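Note that this is a predicted model, so its numbers are computed, not measured. Heavy atoms only: backbone and side chains are in, while hydrogens, waters and symmetry mates are out. FYI, the numbering just counts along the sequence from 1.
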Amino acid sequence: MLFATAVACAAASSASAAPDLGEPLPAWSPGYFYIHHISTGRGNATYFVFPDGTTLLIDAGEADRKFAESVAPLKAFPPRPDGAHSAGYWIADYIRQFAPAGRSVKLDYALITHFHTDHIGTITPDSPMSRTGAYRLAGITEVAERIPIDTLIDRAAPSYDYPVDLHQCARPGGLPGSNGLSLANYLSFAAYRLQHGQAVIGLKPGVLDQIKLGTARSFPSFHVRNIASSGIIWTGAGEDTHYYIPKGAVTDCSFDENPFSNVLTFAYGRFKYYTGGDIPGVPNYTQPWWRDVETPVSAVVGPVDVMLLDHHGNRDTINENILRNLAPRVLVQENWLSPQPGEEVVTRMASKGLYPGPRDVFATGMAAESRVAIGPIMDSIYKSYGGHVVVRVAPGGDKYEVYVLDDTTRRRSVIQRFGPYASK
């Protein structure tokens, strides 16, 4: 049964529709651009289907439960749809459900923004082994075990020696807890692929269409721009870049991966989408100036229609400059821990002083205590507090809709629909 939609545009707020439960998401067809923010309760995973059916997965996280326990009384979200299977299993299951019909299920590209466990998966000594025997399975490695990946992209391939030798960091004593084990496992995964003729490449900042359509001539207005990688940022001119994080600023394995995250934009006609991994934008008083990566990134990105919140909406992100420069109509939050988002982040997102007009925020999950603590200002901008968040861009890119899917079952039916929104 058809359900009414709420109409939204750049000058008017959208409102939720009330569809019957169980209605399926409209299937992808040529010309549509789908962006699926997958809710697992355990980390980031975003699945893209380009207008020609080319597919991309950005991140496949499975957060470190021991880390979550160590920050008590903060709480990790419950696993979605349940804890019977790993996050990697459920991400692969989701992809199989929404992959373009009529072709083999695969990922043309899989991209890792940076080497933290809620983006690559947590490895423990009892994690199951791959069929290859070369690495263990969790997060991206488990997805690869279940769905073929043509090209793997990360911020440091193929040498993995920036800003320091990551092989040294992956050795015992290099990184604390499961971080070292997880990084070592990822490096083994990448090495196995390279040894067996499978593509593993580093994201080249500033480059246009390193990630590209299989049939680019069919959709000439669709492009993917690499904005930043490993602290190197596009200048906005041609493919020129500069080292924003100074060479030599990091000298040992105690550094934080977040500022080195891969940052990209996706453009389709008038539509534009931003994703920035975990780049920070609000350094504390003990940190160097270059911890504010959001400001220089946002200066070259400019206005977008949809923004994925950096670092899950943690309080060290979403500064005034990135909101002012990007001025997103729709913001999506992939989060998994109760302090996400920070109250000050919500206040900045709600501020009409930073940029005018309405804005709608959609979260893949939200802790009840966070909603209570932050209060009415959160309800004034958040339109959904849980579920898979799907952005469906119409052919040509002039308009788009947002669907929220039930994340408590593998049926993943539509529970809310918003739009259409007019692209900028």
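- Between the Lys424 side chain and the Val304 main chain, a donor and an acceptor come within less than 3.5 Å of each other.
- Annotation: side chain of Tyr268 is in contact with side chain of Ser221 (closest heavy-atom distance under 4.5 Å).
- Not a single donor-acceptor pair under 3.5 Å links the side chain of Asp209 to the backbone N or O of Lys212.
- Between the side chains of Asp59 and Thr113, at least one donor-acceptor pair of N or O atoms lies under 3.5 Å.
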(request) Under the side chain to side chain contact (heavy atoms under 4.5 Å, CB included) rule, what do Val293 and Thr295 come out as? Steps first, then yes or no, please. (result) CA-CA 6 Å; Val293 183; Thr295 293; over 6 Å; no
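- Ring to ring, Phe33 and Tyr400 are not that close: their centroids are 6.0 angstrom or more apart.
- A distance-only check finds no donor-acceptor pair linking the side chain of Ser423 to the backbone of Arg270 [under 3.5 Å].
- A distance of 9.5 Å separates CD in Glu23 from CG in Leu25, rounded to the nearest 0.5 Å.
- With no hydrogens or angles considered, no side-chain donor-acceptor pair links Asn262 and His114 at under 3.5 Å.
- A side chain to side chain contact (heavy atoms under 4.5 Å, CB included) with Tyr274 is found for one member of Leu309, Leu264, Leu331, Asp310 and no other, namely Asp310.
- Remark: the backbone N or O of Lys106 is paired with a side-chain donor or acceptor of Thr55 at under 3.5 angstrom.
- Counting only distance, with no hydrogens or angles, the side chain of Arg131 and the backbone of Glu145 share a donor-acceptor pair below 3.5 Å.
- Distance alone, capped at 3.5 Å, is enough to place a donor-acceptor pair between the Asn185 side chain and the Arg136 backbone.
- Between the side chains of Tyr94 and Asp407, no donor-acceptor pair is found at a separation under 3.5 Å.
- Within 6.0 Å of atom CZ in Arg217, 12 or fewer heavy atoms from other residues, nucleotides or ligands are found, so the atom counts as exposed in its surroundings.
- Thr122 and Glu62 form no side-chain donor-acceptor contact under 3.5 Å, judged by distance and modelled atom types alone.
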(request) Let me see the working for Phe98 and His36 under ring-ring contact (aromatic ring centres under 6.0 Å, His included), right down to the final yes or no. (result) CA-CA 9 Å; Phe98 294 109; His36 298 259; 5.2 Å; yes
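- Using modelled atom types, one finds no donor on one side chain facing an acceptor on the other under 3.5 Å when comparing Thr54 with Asp108.
- Heavy atoms only, all atoms of each residue included: Pro341 and Gln333 are closest at N-NE2, 3.2 Å.
- The aromatic rings of Phe50 and Phe222 sit tilted, their planes meeting at an angle between 30° and 60°.
- Salt-bridge formation is not detected for the pair Asp406/Arg412: no Lys NZ or Arg NE/NH1/NH2 atom is positioned less than 4.0 Å from an Asp or Glu carboxylate oxygen.
- Here the side chain of Gln340 pairs no donor or acceptor atom with the backbone of Arg315 at under 3.5 angstrom.
- Between Phe362 and Tyr382, the ring center distance fails the sub-6.0 Å criterion.
- Remark: the Arg155 side chain and the Ser229 side chain contain no N/O donor-acceptor pair separated by less than 3.5 Å.
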(message) Before you tell me yes or no, could you show the steps for Thr215 and Asp52 under side chain to side chain donor-acceptor pair (under 3.5 Å), namely the whole-Å CA-CA distance, both residues' side-chain angles and the distance that decides it to 0.1 Å?
(response) CA-CA 7 Å; Thr215 55; Asp52 71 339; 3.1 Å; yes
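- By the 4.5 Å heavy-atom criterion applied to side chains, Asp292 and Asn319 are counted as neighbours.
- Aromatic ring orientation, His37 versus Tyr273: tilted (interplanar angle from 30° to 60°).
- Counting all heavy atoms, side chain and backbone alike, Ala87 lies closest to Gly61 at CB-O, 3.5 Å.
- Figure legend: Arg225 and Trp234 shown as a cation-pi pair, the cationic atom lying under 6.0 angstrom from the six-membered ring centre and within 45 degrees of its axis.
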(request) Walk me through it: do Asp305 and Tyr421 pass the test side chain to side chain contact (heavy atoms under 4.5 Å, CB included)? (result) CA-CA 9 Å; Asp305 295 284; Tyr421 301 84; over 6 Å; no
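- Of the N and O atoms on the side chains of Trp336 and Asp118, at least one donor lies less than 3.5 Å from an acceptor on the other residue.
- Checked by atom type, the side-chain pair Tyr192/Gln198 shows no donor-acceptor distance below 3.5 Å.
- Tyr355 carries Arg359 over the face of its six-membered ring, with the cationic atom under 6.0 Å from the centre and within 45° of the normal.
- Residues Asn325 and Ser298 bring a donor and an acceptor atom of their side chains to less than 3.5 Å of each other.
- In this structure, a donor-acceptor pair under 3.5 Å is absent between the side chains of Asn179 and His116.
- Distance alone, capped at 3.5 Å, places no donor-acceptor pair between the Asn226 side chain and the Gly206 backbone.
- For the atom pair NE2 (His223) and CG (Leu213), the distance works out to 8.5 Å, reported to the nearest 0.5 Å.
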(message) Evaluate Tyr244 against Trp289 for ring-ring contact (aromatic ring centres under 6.0 Å, His included), listing each step before the verdict.
(response) CA-CA 10 Å; Tyr244 176 74; Trp289 57 268; 5.3 Å; yes
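- Phe418 is listed as a side-chain neighbour of Val404, based on a closest heavy-atom distance under 4.5 Å.
- Relative ring orientation between Phe255 and Phe260 is described as perpendicular, the plane-to-plane angle rising above 60° on a 0-90° scale split at 30° and 60°.
- Contact detail for Val250 and Pro163: the closest heavy-atom pair is CG1-CG, 3.8 Å.
- Ser86 and Glu142 are linked by a side-chain donor-acceptor pair at a separation below 3.5 angstrom, with hydrogens and angles left out of the test.
- The closest side-chain heavy-atom distance from Gln416 to Tyr403 is not below 4.5 Å.
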(request) Give the intermediate values and the outcome of side chain to side chain contact (heavy atoms under 4.5 Å, CB included) for residues Asp154 and Leu203. (result) CA-CA 6 Å; Asp154 58 45; Leu203 192 79; over 6 Å; no
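- Side-chain contact, His311 with Thr317: no donor N or O sits under 3.5 Å from an acceptor N or O.
- Remark: the backbone N or O of Ala199 is paired with a side-chain donor or acceptor of Arg193 at under 3.5 angstrom.
- Inspection of the Tyr385 and Asp379 side chains reveals an N or O donor paired with an N or O acceptor under 3.5 Å.
- Checked by atom type and distance alone, the side chain of Ser351 never pairs as donor or acceptor with a backbone atom of Arg348 at under 3.5 Å.
- Between Ser188 and Ala134, the shortest heavy-atom distance links the atoms CB-O, 3.6 Å.
- The shortest non-hydrogen separation linking Tyr47 to Ile38 is CB-CD1, 4.0 Å.
- Taking the side chain as every heavy atom from C-beta outward, Ile318 and Leu323 approach each other to under 4.5 Å.
- For the pair Thr46/Leu308, a side-chain contact is recorded, criterion being any heavy-atom separation below 4.5 Å from C-beta on.
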(request) For side chain to side chain contact (heavy atoms under 4.5 Å, CB included), just list the numbers for Thr151 and Ile201, CA-CA rounded to whole Å, side-chain angles, deciding distance to a tenth of an Å, and then say yes or no. (result) CA-CA 7 Å; Thr151 301; Ile201 62 176; 3.8 Å; yes
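- In terms of heavy atoms, Ser182 sits closest to Ile123 at OG-N, 2.9 Å.
- Between Tyr34 and Phe48, the distance from one ring center to the other does not fall under 6.0 angstrom.
- Side-chain contact between His388 and Thr364 is absent, with no heavy-atom pair separated by less than 4.5 Å.
- At a threshold of 4.5 Å between non-hydrogen side-chain atoms, the residues Lys272 and Phe266 do not count as touching.
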